[in-house]
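Below: the structure, in structure tokens.
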Amino acid sequence: MRLKDKERALTQLHDDRLNLIGKMAASMAHEIRNPLTSIKGFLKLIRESLSVEESSDKTLRYLSVVDNEFENINMQITGFLSFSKKRVIEEPVIRLTARQLLDSVISLLNPRFLSENVNLTVDLEDDAVLYIQKVAVQQVLSNVINNGLDAMEEVKHEKEMHICGYDRPGCYILEIANNGPEVNPRILDELFEPFVTDKEEGTGLGLAVCKTIMQKNGGEIGCVTGPKRTTFLLTFRTHSGEPES
């Protein structure tokens, strides 16, 4: 009886924490997205107001960097909103191919691959049609890829990341593997729970956000790790459907 009471108390504490995160996320979205909308609008005006002479490669390149960083911030906000229960801020489900999804994320992260000398290989056996919340799932991919890049920061040998995609009955699986150190065995079983992390400055929310987003999109996320390779598996349904509430 004491064990059951303790389990109930822990479950309630867990739910209270998630509820608090959801309220914070909704408040953050309102406070941050308003100025972001203005920034995006002015970026568009700047592009349109530039004359042919002013539209140098350097200027356009700088604007592209700002655009990319804007999208990164937007994805982060969307990710944290996955904890919120307010349906009004849910984005719609759209039809998207796996390659379109992956390309949209890699294009944003490509500068980091180049600057950190990481060899990226992509192998999509099939190009399945997915029905997902695009920006939210982009955040999942971005988070997992960035975590892999973080893990390889101390790697002395050649850094490698391999992304592959393949069909299975009723689903499509994306594997994102890196040759960094293995995930700490102490936290592996709770890796996708809130506040679980082995990073010194980590919040422990990133992978919890990923799990929530995948569940809302009818999918799953898992991790297999070892001394030479760590792989995150994202499983997507390949038929049309609404995300879970």
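Values in this document were obtained by computation on a predicted structure and should not be read as measured data.
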query: Could you state the interatomic distance from OG1 (T238) to OH (Y131), rounded to the nearest 0.5 Å?
result: 9.5 Å

- prompt: Would the number of heavy atoms belonging to other residues, nucleotides or ligands and lying under 6.0 Å from CG of D123 be above 12?
  reply: yes

message: Is it the case that atom CG in L3 sees more than 12 heavy atoms from other parts of the structure closer than 6.0 Å?
response: no

task: Flag yes if I221 and I187 sit in one hydrophobic cluster, no otherwise; membership is Ile, Leu, Val, Met, Phe, Trp, Tyr, and two members link when side-chain heavy atoms are under 4.5 Å apart.
output: yes

- prompt: Do I163 and T121 come within less than 4.5 Å of each other through their side chains, counting heavy atoms only?
  reply: no

message: Can a donor-acceptor pair be found, under 3.5 Å and without considering hydrogens, that links the side chain of N178 to the backbone of H162?
response: no

query: L109 and side chain to side chain contact (heavy atoms under 4.5 Å, CB included): which partner among N146, L114, V118?
result: N146

CD on E116 to CE on M161, rounded to 0.5 Å: 9.5 Å

field: Residues which pass side-chain contact (heavy atoms from CB on, under 4.5 Å) with T235, listed by chain and number, not counting sequence neighbours
entry: C171, I173, E220

task: Say whether Y166 and I176 are linked into one hydrophobic cluster, either directly or through other cluster members, by side-chain heavy-atom distances under 4.5 angstrom.
output: no

task: Measure the CD1-OG distance between I106 and S104 for me, rounded to the nearest 0.5 Å.
output: 9.0 Å

task: Specify the closest pair of heavy atoms between G165 and L174, including all atoms of both residues, with the distance to one decimal.
output: CA-CD2, 3.9 Å

task: Evaluate whether atom NZ of K159 has more than 12 neighbouring non-hydrogen atoms of other residues, nucleotides or ligands under 6.0 angstrom away.
output: yes

statement: Residue set satisfying side-chain contact (heavy atoms from CB on, under 4.5 Å) with E158, at least two apart, ordered chain then number -> N119, E160

Same apolar cluster: L141 and L233, side chain cutoff 4.5 Å: no

message: Is there a path of hydrophobic side-chain contacts, each under 4.5 Å between heavy atoms, that joins L188 and L207?
response: yes

message: Do L102 and L124 have side chains that approach each other closer than 4.5 Å (heavy atoms only, starting at C-beta)?
response: yes

field: C164 backbone acceptor or donor facing E125 side chain under 3.5 Å
entry: no

query: So which heavy atom on L234 is nearest to which on M214, and how close?
result: CB-CE, 4.1 Å

query: How far apart are the closest heavy atoms of V183 and T225, and which atoms are they?
result: N-OG1, 2.9 Å

Value rounded to 0.5 Å, distance of CG in N217 from CD in Q133: 4.5 Å

task: Please examine the side chains of V105 and I145, heavy atoms only from C-beta on, and report whether any two atoms are closer than 4.5 Å.
output: yes

- request: Look at the side-chain heavy atoms of Ile, Leu, Val, Met, Phe, Trp and Tyr, link any pair under 4.5 Å apart, and say whether V140 and V122 land in one connected group.
  value: yes

message: Is it the case that the side chains of Q139 and S142 hold a donor-acceptor pair, with the cut-off being a distance below 3.5 Å and no angle test?
response: no

message: Testing V129, L130, T97 one by one against Y172 for a side chain to side chain contact (heavy atoms under 4.5 Å, CB included), which residue passes?
response: L130

task: Taking all heavy atoms of A151 and all of P181, pick out the closest pair and write down the distance.
output: O-CD, 3.1 Å

statement: All heavy atoms of T230 vs all of E182, minimum pair found to be OG1-CA, 3.7 Å

Rounded distance (nearest 0.5 Å) linking atom CD of Q100 with atom CZ of R95: 8.5 Å

- line: From the list N143, V137, N147, side chain to side chain contact (heavy atoms under 4.5 Å, CB included) with C210 holds only for N143

- prompt: Taking only residues two or more places apart in sequence or in another chain, which ones pass side-chain hydrogen bond (donor to acceptor under 3.5 Å, both in side chains) with D150?
  reply: R112, K199

- prompt: Under a 4.5 Å cut-off applied to non-hydrogen side-chain atoms, are T212 and F192 in contact?
  reply: no

message: Quick check against the 3.5 Å criterion: does E91 have a side-chain atom that pairs as donor or acceptor with the backbone of A136?
response: yes

Neighbour count above 12 (heavy atom, 6.0 Å) for E154 CD: no

field: Separation between CG of L191 and CG of N184, rounded to the nearest 0.5 Å
entry: 10.0 Å

